[in-house]
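What follows is one structure encoded as structure tokens, with my remarks underneath.
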Amino acid sequence: MSDVVIVGSMALDSVKTPFGSADHVVGGAAIYASVAASLLAAPQVVGVVGEDFPEDALELLASRGANLEGVERVSGGKSFYWSGVYDYDLASRESLVTDLNVFADFNPVLPESYRESRYCFLANIQPQVQLAVLEQLNETCFVMCDTMDYWIESERDALGEVLARVDLALLNDAEVRQLAGTPNLGQAAEIVLEMGPHAVVVKKGEYGATLVSHDDFFTIPSYPLPNVVDPTGAGDSFAGGMIGLLAREDDCCSMNLRRAMASGTVIASAAIEDFSLGGLRRLELDEVVRRYATLREIVWFEALELEAL
Ligand code: AMP
């Protein structure tokens with residue numbers, strides 16, 4: 001097993017879905033990804049919080065073996081705050097407020113103990129900041145990155161430099177289309193591959209995720225749930241589950257990338273069963289293994305052997 005560096009936002013979120021709401025609860029990409037990854041490997045977390053950030057979220061991570069040396073707490077500062085509202089189908093959301101607060105001056109410095117890590121997830125942050133982290137990592141580190149529409153629009157060159165240096169780009173379907181400038185998802189993923197990463201994972205929300213790489217094509221459905229409460233953090237939990245499995249196996253062969261997608265899928269399914277960290281807190285390793293087995297059964301089918309009529 002290897003350690004995993006996880007860099008990104010640590011937030012207070014206010015979320016409204018058709019089924020309820022939560023006010024100023026713990027969220028942020030690095031939090032979701034780290035809690036998810038901690039089921040499988042030891043996260044080395046990099047982020048910044050204000051004085052208002054609840055200690056119990058950090059205690060949860062510490063209790064699961066996470067290294068928090070890279071988390072800065074700014075005294076007198078306010079944590080990154082995001083609020084969003086979801087449509088009825090939970091597929092689209094509108095961001096209502098994004099207050100960067102202490103995140104505005106986020107200048108990640110990796111503690112010495114993180115720098116030899118062999119796995120890293122760069123969550124959605126300004127591409128220049130992602131590049132600054134890449135400078136501090138060992139060149140052999142396997143790096144996955146995320147981004148968002150805003151950076152694709154406003155920082156395309158810097159994002160291009162990031163993509164040229166990472167191993168795997170994890171993007172949603174709209175981001176892949178926007179980045180590639182073409183509506184056909186298959187073609188768009190190929191264009192993103194040409195930008196540098198060895199693999200592209202296209203997240204499609206409730207429709208699952210697809211991996212396109214130079215030597216594989218794989219698609220997986222989402223884990224079927226009777227009750228989805230809040231999709232916030234699904235993508236980051238998926239990422240944490242993926243990088244956690246890769247670090248645990250310490251091998252990024254094509255089959256492990258597929259297994260990592262399945263791990264990400266089942267861990268993300270728990271994240272969306274409750275607001276904030278509720279679902280991930282309750283998730284235990286045996287339930288991950290059980291859901292993983294169910295997912296395998298869902299996609300299994302027999303070969304077709306037909307004789308000519
Ligand atoms: P996801 O649902 O996987 O896209 O992740 C949602 C999380 O991302 C929330 O907990 C937010 O706090 C965080 N978030 C929202 N907007 C941003 C942003 N502009 N930069 C970084 N993190 C963000």
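Because the structure is predicted, anything quoted here is derived from the model rather than measured. What's counted below: heavy atoms across the whole structure, side chains too, no hydrogens, waters or symmetry copies. First listed ligand is number 1; within each ligand, the first listed atom is number 1.
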- Is the closest heavy atom of Y32 to ligand 1 under 4.0 Å? yes
- Query: Is it true that F80 lies under 4.0 Å from ligand 1, counting heavy atoms only?
  - Reply: yes
- Query: Which atom names give the shortest non-hydrogen contact between V102 and V49, and what distance separates them?
  - Reply: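 Looks like CG2-C, 3.8 Å.
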- Query: Is it the side chain (CB and beyond), the backbone, both or neither of S237 that lies under 4.0 Å from ligand 1, heavy atoms counted?
  - Reply: neither
Would you say [X] has any N or O atom under 3.5 Å from an N or O of ligand 1, going by distance alone?
{"X": "G235", "answer": "yes"}
{"X": "R93", "answer": "yes"}
{"X": "S9", "answer": "yes"}
{"X": "G28", "answer": "yes"}

Distance to 0.1 Å, residue and atom name: give those for the protein heavy atom nearest to [atom].
{"atom": "atom 16 (N) of ligand 1", "value": "W82 CD1, 3.6 Å"}
{"atom": "atom 2 (O) of ligand 1", "value": "G233 N, 2.7 Å"}
{"atom": "atom 10 (O) of ligand 1", "value": "D13 OD2, 2.5 Å"}
{"atom": "atom 19 (N) of ligand 1", "value": "M148 SD, 3.6 Å"}
{"atom": "atom 3 (O) of ligand 1", "value": "D236 OD2, 2.8 Å"}
{"atom": "atom 21 (C) of ligand 1", "value": "N124 O, 3.4 Å"}

- Task: Look at the side chain of N124 and the backbone N and O of D146, then say whether any donor-acceptor pair between them is shorter than 3.5 Å.
- Result: no
- Message: Keeping Y119 on the side-chain end and I6 on the backbone end, is there a donor-acceptor pair under 3.5 Å?
- Response: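 No; zero donor-acceptor contacts below 3.5 Å.
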From [atom1] ([X]) to [atom2] ([Y]), nearest 0.5 Å:
{"X": "D230", "Y": "F275", "atom1": "CG", "atom2": "CZ", "result": "5.0 Å"}
{"X": "N67", "Y": "L61", "atom1": "CG", "atom2": "CG", "result": "11.0 Å"}
{"X": "Q44", "Y": "L110", "atom1": "CD", "atom2": "CG", "result": "8.0 Å"}
{"X": "E72", "Y": "F106", "atom1": "CD", "atom2": "CZ", "result": "8.5 Å"}

- Query: For E55, does the CD atom sit with more than 12 other heavy atoms under 6.0 Å from it, leaving out its own atoms?
  - Reply: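 Enclosed.
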- So if you build clusters from Ile, Leu, Val, Met, Phe, Trp, Tyr with side-chain heavy-atom gaps below 4.5 Å, do Y32 and V25 land together?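 No, separate clusters.
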For [X], counting its heavy atoms only, list the atoms of ligand 1 lying under 4.0 Å from any of them.
{"X": "A11", "answer": "12 (O)"}
{"X": "G27", "answer": "10 (O)"}
{"X": "T232", "answer": "2 (O), 6 (C), 9 (C), 10 (O)"}

- Ring geometry between Y81 and H24 (parallel below 30°, tilted from 30 to 60°, perpendicular above 60°): parallel
